[in-house]
Asks: 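So that we are looking at the same thing, I have put the structure below in structure tokens.
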Amino acid sequence: MQRDIDRILIPSRQIAERVGELAAELADKYAPAGAERSCELTIVAILSGSLIFLADLIRRLPMRMRIALVTVSSYPAASTKSRGARLLEQITVDVAGRDVLIVDDILDTGGTLRAVRAELARRQPRSIRTCVLLRKPGKAPPDVPADFVGFDIDNYFVVGYGLDFDGLYRNLPDIAVLRPELYTSGPGGDRA
Ligand code: XMP
């Protein structure tokens, strides 16, 4: 697996530090000192890319929470180009009147967050905010804001810490740039 990696972009230690800082930012927003018990957050996490980020983040949050998982399809198998986001099943958690935090691995074109956000907004939550580990520059339009961002990165296709290419590399502890020849040629490769 290491041979497929061009270079490490964000090492695991730096990820862990930043996740701790993000948790502190979220705690300040939703449950300022002493108010942990009055806050009940509903986290809607987008699978599968957010799974490791989610597991690390929620264990550092002090408030009560419910967690719902939603699967969104945007990349056909071995592709790095989104073909439009689509929820693969209905969100079943009740969010009416609740504070909702959408957690995703990466904000790229914004299609994924827009689809999930629109679905949740219909159910009249008290608030909706978004938290992403990574944000790529310039592509997401202003109607898809990220309220909490781990790292802004350049426009690389990255893998590791939950992010995949063709289902692989999610278990890398670091966030890494894949060797470009792995996704710029071969079958299924539209990959510009
Ligand atoms: P959009 O374009 O909808 O993209 O904002 C968000 C989803 O696309 C996936 N994505 C990536 N996955 N490396 C990945 O492994 C990347 O560099 C990358 N860029 C986007 C991801 O699933 C995310 O939820």
Side-chain angles (χ1 to χ4, degrees), residues 1-2 4-12 14-15 18-19 22 43-57 67-89 91 100-121 128-184 186 188-192:
M1 195 165 61
Q2 296 295 343
D4 297 345
I5 297 309
D6 186 49
R7 65 200 168 84
I8 290 174
L9 192 65
I10 311 173
S12 58
Q14 202 183 337
I15 301 172
R18 184 66 191 124
V19 170
L22 270 179
I43 291 191
V44 176
I46 303 176
L47 292 177
S48 302
S50 74
L51 75 104
I52 297 177
F53 176 42
L54 175 73
D56 285 348
L57 184 69
I67 299 161
L69 304 174
V70 53
T71 307
V72 175
S73 146
S74 57
Y75 284 78
S79 178
T80 60
K81 231 185 213 170
S82 176
R83 298 256 165 68
R86 194 166 53 87
L87 268 69
L88 293 186
E89 78 272 340
I91 299 171
V100 175
L101 180 69
I102 305 172
V103 172
D104 200 5
D105 52 356
I106 186 165
L107 175 59
D108 188 355
T109 64
T112 303
L113 279 185
R114 183 189 288 110
V116 174
R117 209 189 156 91
E119 183 60 34
L120 290 166
I128 308 184
R129 294 188 180 88
T130 53
C131 175
V132 294
L133 178 65
L134 305 172
R135 179 170 58 185
K136 287 190 186 176
K139 283 202 253 168
D143 69 308
V144 196
D147 301 290
F148 302 90
V149 178
F151 301 92
D152 279 303
I153 62 167
D154 286 334
N155 202 15
Y156 306 111
F157 193 81
V158 290
V159 296
Y161 197 70
L163 290 108
D164 76 305
F165 173 67
D166 198 14
L168 298 172
Y169 312 107
R170 291 194 200 279
N171 56 321
L172 280 175
D174 310 301
I175 293 169
V177 179
L178 207 55
R179 281 174 41 213
E181 62 267 32
L182 294 174
Y183 60 86
T184 51
D190 60 317
R191 287 114 23 182

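All of these numbers come straight from a predicted model, not from anything done at the bench. Note that ligands are numbered from 1 as they come in the structure, with each ligand's atoms numbered from 1 the same way. Because only heavy atoms are used, hydrogens play no part in the values below, and waters and symmetry mates are left out as well, while side chains stay in.
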Asks: Any donor and acceptor pair, going by atom type alone, linking the side chain of K136 with main-chain N or O of I153 inside 3.5 Å?
Replies: no
Asks: Does the T130 side chain pair with the main chain of P145, one donor and one acceptor, at a distance under 3.5 Å?
Replies: yes
Asks: Polar-atom distance check: V159 versus ligand 1, any N or O pair below 3.5 Å?
Replies: no
Asks: Are the side chain of D174 and the backbone of S12 linked by a donor-acceptor contact shorter than 3.5 Å?
Replies: yes
Asks: Under a heavy-atom criterion of less than 4.0 Å, does G110 contact ligand 1?
Replies: yes
Asks: I'd like to know whether ligand 1 has R114 as a neighbour, heavy-atom separation below 4.0 Å.
Replies: no
Asks: Can you classify the ring geometry of Y161 versus F53 as parallel (below 30°), tilted (30 to 60°) or perpendicular (above 60°)?
Replies: tilted
Asks: With C131 as reference, evaluate L101, D104, I102, D147 under the side-chain contact (heavy atoms from CB on, under 4.5 Å) test and give the passing residue.
Replies: L101
Asks: Going by the atom numbers of ligand 1, which of them fall below 4.0 Å from some non-hydrogen atom of L163?
Replies: 12 (N), 13 (N), 14 (C), 15 (O)
Asks: With the side chain counted from C-beta on, respond yes when V149 and L134 share a heavy-atom pair under 4.5 Å apart, and no when they do not.
Replies: no
Asks: At under 4.0 Å between heavy atoms, is it the side chain or the backbone of V72 that contacts ligand 1, or both, or neither?
Replies: neither
Asks: For atom 21 (C) of ligand 1, which candidate among I106, V132, L107, V158 provides the closest heavy atom?
Replies: I106
Asks: May I ask you to identify, for Y156, whether its side chain, its backbone, both or neither come under 4.0 Å of ligand 1 on a heavy-atom basis?
Replies: backbone
Asks: Does the Lys NZ or Arg CZ of R170 fall within the cation-pi geometry relative to F165 - under 6.0 Å from the ring centre and within 45° of the axis?
Replies: no
Asks: Quick one, I46 and V103 - any side-chain contact, counting heavy atoms below 4.5 Å?
Replies: no
Asks: Please identify which atoms of ligand 1 are closer than 4.0 Å to at least one heavy atom of G111.
Replies: 1 (P), 3 (O), 5 (O)
Asks: Residue-level breakdown please: for D104 versus ligand 1, do any non-hydrogen atoms fall below 4.0 Å on the side chain, on the backbone, on both, or on neither?
Replies: side chain
Asks: For atom 4 (O) of ligand 1, which of the options D108, L9, I46 provides the nearest non-hydrogen atom?
Replies: D108
Asks: Please state whether F157 comes within less than 4.0 angstrom of ligand 1, counting heavy atoms only.
Replies: yes
Asks: Quick one: which ligand 1 atoms are inside 4.0 Å of a heavy atom on K136?
Replies: 16 (C), 17 (O), 18 (C), 19 (N)
